[in-house]
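What follows is a single structure, written as structure tokens, with notes after it.
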Amino acid sequence: MVGRREENQVPENPNMSKDKTSFFQDVLDVARLIPVGRVTSYGAIATYLGAARSARMVGWAMNSSFTSVPPVPAHRVVNRNGDLSGRLQFETPTKMQELLEAEGVVIKNDWVVDFAKVFWNPTNELNIVD
DNA sequence: CCCATGACTTGAA
DNA sequence: TTTCAAGCCATGG
């Protein structure tokens with residue numbers, strides 16, 4: 001092989017037929033489905049998309065969420081511990097917490113207190129239509 | 001092209 | 001319980 005995937009660049013897909021780039025899009029899509037006052041984890045989204053070991057890409061996709069339209073509620077995505085690991089990526093380190101609290105989610109020390117309660121699992125909530 | 005890093009997760013010790 | 005190592009794949013130097 002000459003290179004890894006130099007040609008995997010997809011400038012713009014007029015026809016969303018390519019599933020290759022859908023991962024990023026799907027991540028953003030699922031994130032938009034998170035109900036208000038609920039949160040989910042990177043791994044949950046990754047697992048839902050069939051890439052349980054690619055949780056990191058989910059986080060990377062969220063980074064792209066800031067410039068994506070419609071806007072993605074990235075503040076509703078935390079790590080498996082319920083920690084606001086991505087708070088530093090927001091406008092201000094406290095923005096993420098403020099957004100969550102505004103939705104009724106109790107945050108304490110950069111941690112979702114009722115994580116087990118407000119946790120929203122796409123694989124469980126979103127039924128896969130057969 | 002090679003190397004390092006990252007909004008993570010899992011499994012083994 | 002905590003800690004360490006490996007896997008994931010895109011992006012940047």
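Letters go in sequence order (proteins before strands), and every chain restarts at 1.
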Quick one: label Ala61(A) by what it contacts on the DNA or RNA (base, sugar-phosphate, nothing), any heavy atom closer than 4.0 Å. nothing
Can you tell me the distance, in whole Å, between the CD atom of Gln97(A) and the C1' atom of dA7(B)? 16 Å
Without hydrogens or angle criteria, can the side chains of His75(A) and Glu98(A) be said to hold a donor-acceptor pair below 3.5 Å? no
Quick one: Gln25(A) CD to dA10(C) C1', roughly how many Å, whole number? 15 Å
What does the list of N/O pairs under 3.5 Å between the protein and nucleotides 9-13 of chain B look like, with a distance for each?
unit_1, atom_1, unit_2, atom_2, d
dT9(B), OP1, Gly43(A), N, 3.3
dT9(B), OP1, Arg80(A), N, 3.0
dT9(B), OP2, Arg80(A), N, 2.8

Whole-Å distance, Asp26(A) CG to dC9(C) P, equals 15 Å
If I take atom CH2 in residue Trp60(A) and atom P in nucleotide dG7(C), what distance separates them, rounded to the nearest angstrom? 21 Å
Below 4.0 Å: OP1/OP2 of dG7(C) and any side-chain N or O of Ser54(A): no
Rounded to whole angstrom, note down the P distance from dT5(B) over to dA5(C). 15 Å
Take the protein atom CZ of Phe23(A) and the nucleotide atom P of dT11(C), then report the distance between them rounded to whole Å. 12 Å
Sequence neighbours excluded, which residues qualify as salt bridge (charged side-chain N to carboxylate O under 4.0 Å, His left out) partners of Lys95(A)? Glu91(A)
Whole angstroms only, please: what is the CD-C1' distance between Gln89(A) and dG6(B)? 9 Å
Ignoring hydrogens and geometry, is there a side-chain-to-backbone donor-acceptor pair from Ser41(A) to Ala44(A) under 3.5 Å? yes
How many whole angstroms separate atom CG of Leu84(A) from atom P of dC8(B)? 12 Å
Below 4.0 angstrom, N of the basic side chain to O of the carboxylate: do Glu103(A) and Arg38(A) qualify? no
Interatomic distance, Asn63(A) CG vs dT11(C) P [rounded to whole Å]: 11 Å
